[in-house]
Amino acid sequence: MRKTIVFYLNGKRHEVDGKMALMTVSDFLRYEKSLTGTKVVCAEGDCGACTVLLSRMIGGKLSPYRTMNSCISFIYSLDRCHLISVEGLKLNQELHPVQASMVQHQGAQCGYCTPGFICSLASMTEDAKLEGFPIDRKKVQNYTTGNLCRCTGYEPIIEAGCNVNLDKVTSIRNLYQDEVIEKDLNSLGLESVQIEGENSLIFLPAGLNEAVQFKAQYPDTRLASGSTDLGVLSNKGKLKLTRVLGLHQIAELYEIKEESDALIIGARASLSDLENASKSCFPEFSKMLHLFASPQIKNSGTLVGNLMNGSPIADTIPFLRVAEAEVVLMSTAGTRTLNINEFILPGYKQMQVKADELLVSIRIPKSPHRYKLYKVSTRKDLDISTVTFAARYLMDGLRVSEFSLALGGVGPSVLRMSDIEKRIQGNVLTQALLQSVATSLRTEIKPLSDVRGSSEYRHQLCHNLVLKFFDEVAAECGIKATEASV
Ligand SMILES: Cc1cc2nc3c(=O)[nH]c(=O)nc-3n(C[C@H](O)[C@H](O)[C@H](O)COP(=O)(O)OP(=O)(O)OC[C@H]3O[C@@H](n4cnc5c(N)ncnc54)[C@H](O)[C@@H]3O)c2cc1C
Ligand code: FES
Ligand code: FES
């Protein structure tokens, strides 16, 4: 059993013990290493000033370098990783081509946001080299969705991104000779890591057996995945992490397997990987994930974390509920599989999970059904939903032969609307049906009023989303919704 966290930072090996394991990565960089290029502004994953790049050893190899928010990530999660801060992007004292382009296009005024933008744009150039795609305005905007600038205005930054000289980019893999780092990190062997601090215990098991044994021994242990929820709670003082179980070392949990009848998503698979993997089998879900948070959050955050956080406005839960997804839970007693609609219980954050269980994967069955997934938020990107809507349906001419509906943001949990489903299923799509559904929604949901919207506003949104759904389905059937009355 190893007792220290081992990782590389800008090509240099580091080994830290219990005192620092629960420090945020941004604090470690700034206060322990004096790498003050990494800034902290919001400390909750929203602004991107703290963006760094991370590559993790999975199955003996370093993964592609991806951005993450260092303000909500903890040092223990860096075990067997290579972390690159903005200072690490320079090559032999020469600016990285992204930095050179930012200078040339005057992409900084106060400069506080600049290092984060540079890391995000550097991750774009990494992917462009790896995958061979050309850089354009849309790509630059997508890669910088998680970065806010308050003074330059985005235009010069976008210009800088669009004009990076890709020929001059040396990929980080080559810059730091990743084979040498991989050799060293592989030489550590795959053993569990246990870090004890004054009042903390962190366990990073090498395999699932060790993980479930630890959970059985310490049922109050906090499972940590990407920490995009946990990190925010901890920074806001709403959660004190003391005993932590991280599944970061278990390579099989990073897998997303597409089988003939299902997509199976491991507990540690990132939302970014899921967005890619679901493109062909669940395109509506992939599109929805495109609007989820930012690249930094999606590179760390997981589907399992989104489900287990249990928020009534979690973006993936409405889809999982109508898709009849199955959750696979594991403990020392073995494995059990539950349909998500049994797993989620009525009430705020209530789930059928035992104290000694961990969630190891989610299985989404394939089927001939079609989906409509809508997210309404105050702004399009990097915003939390006010209301979410997921419908799964099959049409037989104008008859809705099968129909499932889930709504988020209208109750203490994401709700499956079974009464409305019964009204619609088997019926012909008509104006009268549409009107009766819209009317019954009034009595079936009781949304709260909060900063994101009043109860009345949420009622109106749901009403409008039902109309939008019928409009789109009618168009698919080759008619206008107003004609759908025969
Ligand atoms: C800036 C920002 C933007 C965001 N935008 C969105 C958004 O657009 N839409 C949205 O839905 N969410 C959003 N979120 C919330 C968050 O990113 C997601 O909920 C994410 O999916 C959480 O995954 P994670 O791996 O980081 O979970 P973690 O923070 O690691 O964990 C979340 C919960 O799951 C539990 N858990 C983790 N792994 C397991 C396991 N294997 N078994 C059992 N329990 C487990 C943890 O104990 C914890 O209670 C946002 C968060 C931030 C900070
Ligand atoms: S400081 Fe704002 S995202 Fe980290
Ligand atoms: S240059 Fe000041 S915040 Fe962007």
Side-chain angles (χ1 to χ4, degrees), residues 24-26 38-52 67-74 77 102 106-117 145-154 156-157 208 211 215 221-235 239 241 244-248 250 253 266-271 274 288-294 296-318 327-330 349 351 353 357-362 375 377 381-385 388 408-409 414:
T24 60
V25 172
S26 53
T38 297
K39 310 292 185 214
V40 176
V41 179
C42 68
E44 50 185 79
D46 257 318
C47 75
C50 65
T51 304
V52 291
T67 50
M68 72 167 192
N69 297 116
S70 60
C71 66
I72 51 171
S73 307
F74 300 101
S77 70
M102 281 289 267
Q106 297 166 0
Q109 279 186 26
C110 78
Y112 222 72
C113 67
T114 312
F117 271 100
T145 303
N147 296 82
L148 294 182
C149 174
R150 285 105 180 151
C151 21
T152 301
Y154 294 96
I157 298 173
L208 277 171
K215 191 76 167 105
T221 299
R222 176 60 82 158
L223 267 146
S225 202
S227 285
T228 59
D229 281 313
L230 291 178
V232 175
L233 289 176
S234 165
N235 283 358
L239 172 79
L241 288 171
V244 178
L245 172 57
L247 307 177
H248 303 63
I250 308 176
L253 296 184
R268 286 287 305 139
S270 72
L271 290 162
L274 180 57
M288 209 277 306
L289 287 173
H290 187 65
L291 291 182
F292 191 111
S294 62
Q296 288 92 323
I297 295 288
K298 283 187 284 192
N299 292 337
S300 301
T302 60
L303 182 65
V304 165
N306 196 233
L307 172 62
M308 294 308 288
N309 188 48
S311 164
I313 46 167
D315 282 341
T316 65
I317 300 180
V327 298
V328 181
L329 297 152
M330 196 172 168
K349 299 199 175 205
M351 279 162 264
V353 59
E357 282 179 324
L358 28 134
L359 209 160
V360 288
S361 61
I362 296 178
K375 163 173 177 166
S377 49
D381 287 309
L382 190 45
D383 201 5
I384 288 171
S385 299
T388 50
V414 172

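In listed order, ligands and their atoms are each counted from 1.
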### Query
Is the closest N or O pair between D315 and ligand 1 shorter than 3.5 Å?
yes
### Query
Taking both backbone and side-chain atoms of A293, is any N or O found less than 3.5 Å from an N or O belonging to ligand 1?
yes
Closest by any non-hydrogen atom to [atom]: pick that one out of [options].
atom	options	result
atom 4 (Fe) of ligand 2	G116, A43, C47, C50	C50
atom 19 (O) of ligand 1	D229, I297, L358	D229
atom 42 (N) of ligand 1	L241, T388, L359	L359
atom 25 (O) of ligand 1	N309, L230, T302, V360	T302
atom 48 (C) of ligand 1	R222, M308, E44	R222

Under 4.0 Å from any heavy atom of [X], which atoms of ligand 2 are there?
X	answer
G45	3 (S)
C42	1 (S), 2 (Fe), 3 (S)
D46	3 (S)

Among all protein heavy atoms in this structure, tell me which lies nearest to [atom], with the distance rounded to 0.1 Å.
atom	answer
atom 1 (S) of ligand 2	V41 N, 3.2 Å
atom 3 (S) of ligand 3	R150 N, 3.1 Å
atom 27 (O) of ligand 1	G305 CA, 3.5 Å
atom 6 (C) of ligand 1	F292 CE2, 3.8 Å

### Task
Look at C113 and state whether any of its N, O or S atoms is less than 2.8 Å from atom 2 (Fe) of ligand 3.
no
### Query
Under 2.8 Å from atom 2 (Fe) of ligand 3, is there an N/O/S atom belonging to C149?
no
### Task
Taking both backbone and side-chain atoms into account, decide whether C71 has an N/O/S atom under 2.8 Å from atom 4 (Fe) of ligand 2.
yes
### Message
Main chain of L274, side chain of K298: is a donor-acceptor contact present, judged purely on distance under 3.5 Å?
### Response
no
Below 4.0 Å from any atom of ligand 1, is there a heavy atom belonging to [X]?
X	value
K375	yes
I384	no
I317	no

### Option passing side chain to side chain contact (heavy atoms under 4.5 Å, CB included) with M68 (candidates S73, S270, S77)
S73
### Summary
A student checking ligand 3 against G111 at a 4.0 Å heavy-atom cut-off should list atoms 1 (S), 2 (Fe)
### Task
Find all atoms of ligand 3 within a distance of less than 4.0 Å from any non-hydrogen atom belonging to T152, and give their numbers and elements.
1 (S)
### Task
Rounded to the nearest 10 degrees, what's the angle SG of C110 makes with SG of C151 at atom 2 (Fe) of ligand 3? Could you check?
100°
#### Entry: Residues S225, R268; criterion side chain to side chain contact (heavy atoms under 4.5 Å, CB included); working and verdict
CA-CA 7 Å; S225 202; R268 286 287 305 139; 3.2 Å; yes
### Task
Could you see which bit of L271 sits under 4.0 Å from ligand 1, with heavy atoms only: side chain, backbone, both or neither?
side chain
### Task
Using only heavy-atom distances, determine whether the side chains of N306 and T316 contain a donor-acceptor pair under 3.5 Å.
yes
### Message
If only side-chain N and O atoms count, and only distance matters, is there a donor-acceptor pair under 3.5 Å linking Q296 with N147?
### Response
yes
### Message
Tell me the contacting part of N69 for ligand 2: side chain, backbone, both, or neither, using a 4.0 Å heavy-atom threshold, strictly below.
### Response
side chain
